[in-house]
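Everything quoted here is computed from the prediction, not taken from an experiment.
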2 protein chains.
Amino acid sequence: MQKAERQNKILEIINTNQIGSQGELTELLESKGFSVNQSSISRDLLELGVVKVHGAYAVPQKNNYASFGLISLEIAGDNLIVAKTDTGFAAAVCVRIDNAKIPEIVGTIAGEDTIFIAVRNQKEQRVVLKRVWEIFEN
Amino acid sequence: MQKAERQNKILEIINTNQIGSQGELTELLESKGFSVNQSSISRDLLELGVVKVHGAYAVPQKNNYASFGLISLEIAGDNLIVAKTDTGFAAAVCVRIDNAKIPEIVGTIAGEDTIFIAVRNQKEQRVVLKRVWEIFEN
DNA sequence: AAGATTATGCACATAATCTGCATAACCCAA
DNA sequence: TTGGGTTATGCAGATTATGTGCATAATCTT
């Protein structure tokens with residue numbers, strides 16, 4: 001099985017290149033010896049929680065200085081998103097998320113450095129991932 | 001698949017009966033409509049962590065002083081685990097869990113006596129359940 | 001609205017898990 | 001130590017789950 005390997009490579013690629021479409025990514029992978037087509041890429045990106053921001057795919061995970069407390073966003077199951085923040089910042093970050101009034105968010109709960117965001121399904125999960133990420137990226 | 005169902009029944013049975021052997025348990029299960037043999041029972045008991053004490057099978061009681069606050073672990077949906085702790089201990093227990101850096105754990109949130117542990121799917125749920133339990137059992 | 005991009009139902013391939021059988025390993029009383 | 005009762009396990013086949021491409025639907029962008 002080469003799925004895991006392929007997904008690692010995908011992360012590597014989108015972290016070092018500006019990838020604008022799945023077709024592009026597919027070609028790159030093929031040129032590196034992976035036999036794969038667009039459908040699988042689509043599913044891989046879904047699994048990895050990769051989203052397209054400003055026209056390029058990106059992993060919503062960054063040690064961006066400007067990101068104000070938010071460290072990473074990760075999906076869990078199909079109705080949860082888990083956000084990691086700097087210690088003590090969860091509440092503050094959560095307030096910003098709540099203020100955005102993203103309709104797909106069913107509810108949020110903040111701990112010390114973690115926030116759970118509940119959504120209804122996978123599709124909403126992706127939407128929220130993207131929206132939240134947009135709030136904090138600069 | 002009837003494995004999960006069968007294992008639940010096994011727990012129920014050994015909690016309400018004195019079961020002295022796997023053969024005995026096998027018969028009881030068959031009489032309740034489960035088609036199973038001793039080999040599988042053996043494997044089930046192993047998985048469930050059931051042990052024979054004073055000649056009867058029993059689920060090990062975790063009220064162990066060494067368990068340091070953790071009272072129970074329970075699954076919810078297929079991407080959540082809910083841990084109950086002694087009142088006021090949730091944060092402390094949660095720190096121990098976090099420190100274990102279990103990769104399958106997406107995030108944790110501690111309240112007063114409850115911890116939510118987010119994982120990605122059922123498989124990871126099982127892994128985490130086991131690992132967390134291992135942290136607190138010795 | 002049209003073309004580009006991404007998602008998905010379906011069918012099939014592959015991999016993982018489950019299970020019984022047979023039997024080995026273990027336990028313990030005498 | 002031995003023998004009967006009990007439990008564990010290697011193996012092979014059955015069953016389930018996962019991964020994949022194809023064709024095409026749904027969605028997005030302009």
Side-chain angles (χ1 to χ4, degrees), chain A residues 1-10 13-14 17-30 33-60 75 77-78 104 119-131 134, chain B residues 1-10 13-14 17-30 33-60 78-79 104 119-127 129-130:
Chain A
M1 169 158 48
Q2 72 170 143
K3 187 184 165 199
E5 224 184 314
R6 185 184 65 229
Q7 293 193 341
N8 278 336
K9 182 59 77 176
I10 288 177
I13 291 177
I14 65 176
N17 302 70
Q18 290 286 110
I19 303 298
S21 77
Q22 296 183 3
E24 200 177 328
L25 186 49
T26 307
E27 280 176 21
L28 254 170
L29 283 167
E30 297 238 270
F34 291 87
S35 159
V36 70
N37 73 354
Q38 177 267 326
S39 332
S40 294
I41 298 290
S42 169
R43 289 182 274 239
D44 283 345
L45 295 178
L46 175 63
E47 262 185 68
L48 294 168
V50 167
V51 293
K52 204 176 192 175
V53 185
H54 298 332
Y57 284 105
V59 187
I75 63 179
D78 55 7
E104 287 84 2
V119 296
R120 297 183 191 78
N121 53 54
Q122 248 179 359
K123 189 167 287 190
E124 295 191 354
Q125 201 178 37
R126 268 176 283 163
V127 172
V128 171
L129 200 60
K130 191 169 176 175
R131 293 256 190 294
E134 283 168 353
Chain B
M1 166 150 59
Q2 74 170 139
K3 188 185 164 197
E5 223 184 316
R6 185 184 66 228
Q7 293 192 343
N8 278 335
K9 182 59 77 175
I10 288 177
I13 290 177
I14 66 176
N17 301 70
Q18 290 287 109
I19 302 297
S21 78
Q22 295 182 5
E24 202 177 326
L25 186 48
T26 307
E27 281 177 20
L28 254 170
L29 283 167
E30 297 238 271
F34 290 86
S35 159
V36 70
N37 76 351
Q38 178 266 327
S39 332
S40 294
I41 299 290
S42 169
R43 290 182 271 240
D44 283 345
L45 295 178
L46 177 62
E47 263 185 67
L48 292 167
V50 167
V51 294
K52 205 175 191 175
V53 185
H54 298 139
Y57 283 106
V59 184
D78 55 7
N79 59 332
E104 288 82 4
V119 296
R120 298 181 191 78
N121 53 55
Q122 247 177 356
K123 187 172 290 187
E124 296 192 355
Q125 203 177 36
R126 267 181 283 167
V127 172
L129 207 56
K130 193 168 176 181

Strictly below 4.0 Å: does [X] bring a side-chain N or O up to OP1 or OP2 of [N]?
| X | N | answer |
| --- | --- | --- |
| Lys3(B) | dT19(C) | no |
| Ser42(B) | dA8(D) | yes |
| Tyr57(A) | dT6(C) | yes |
| Ser39(A) | dG21(D) | no |

Locate the shortest heavy-atom distance separating [X] from [Y]; write the atom from each residue and the value.
| X | Y | answer |
| --- | --- | --- |
| Val59(A) | Val50(A) | CG2-CG2, 4.2 Å |
| Ile19(A) | Glu24(A) | CA-OE2, 3.9 Å |
| Phe34(B) | Arg6(B) | CE2-CA, 3.5 Å |
| Lys52(A) | Ser21(A) | NZ-CA, 4.4 Å |

- Item | Leu25(A) and Asp44(A): CA distance, side-chain angles, deciding distance, side chain to side chain contact (heavy atoms under 4.5 Å, CB included) verdict | CA-CA 11 Å; Leu25(A) 186 49; Asp44(A) 283 345; over 6 Å; no
Integer-rounded Å distance: [N] [atom2] and [X] [atom1]:
| X | N | atom1 | atom2 | answer |
| --- | --- | --- | --- | --- |
| Arg43(A) | dA17(D) | CZ | P | 18 Å |
| Ile41(A) | dC22(D) | CD1 | P | 13 Å |
| Gln38(A) | dT27(D) | CD | C1' | 12 Å |
| Leu29(B) | dG20(C) | CG | C1' | 15 Å |
| Asp44(A) | dA7(C) | CG | P | 12 Å |
| Glu47(B) | dA8(D) | CD | P | 13 Å |
| Asn37(B) | dA22(C) | CG | P | 11 Å |
| Leu45(B) | dT6(D) | CG | C1' | 12 Å |

- What distance do Ile41(A) atom CD1 and Leu29(A) atom CG have between them, rounded to the nearest 0.5 Å? 4.5 Å
- Message: So, taking the atom named CG in Leu48(A) and the one named CZ in Arg43(A), what distance separates them when rounded to the nearest 0.5 Å?
- Response: 13.5 Å
- Note on the structure: Note: for Lys130(A) and Val36(A) on DNA chain D, the residue whose nearest nucleotide lies more 5' is Val36(A)
- Check: Gln38(B) main-chain N/O paired with Ser42(B) side-chain donor or acceptor under 3.5 Å: no
- Message: Does Arg6(A) contact dG19(D) through a side-chain donor or acceptor facing the base, at a distance under 3.5 Å?
- Response: no
- So does Glu30(B) have more than 12 non-hydrogen atoms from other groups sitting under 6.0 Å from CD? yes
- Residues touching DNA chain D, which here means a heavy atom under 4.0 Å, drawn from residues 21-28 of chain B: Ser21(B), Gln22(B)
- Given axes from five pairs at either end, by how many degrees does the helix from dA1(C)-dT30(D) to dA30(C)-dT1(D) bend, rounded to 10°? 60°
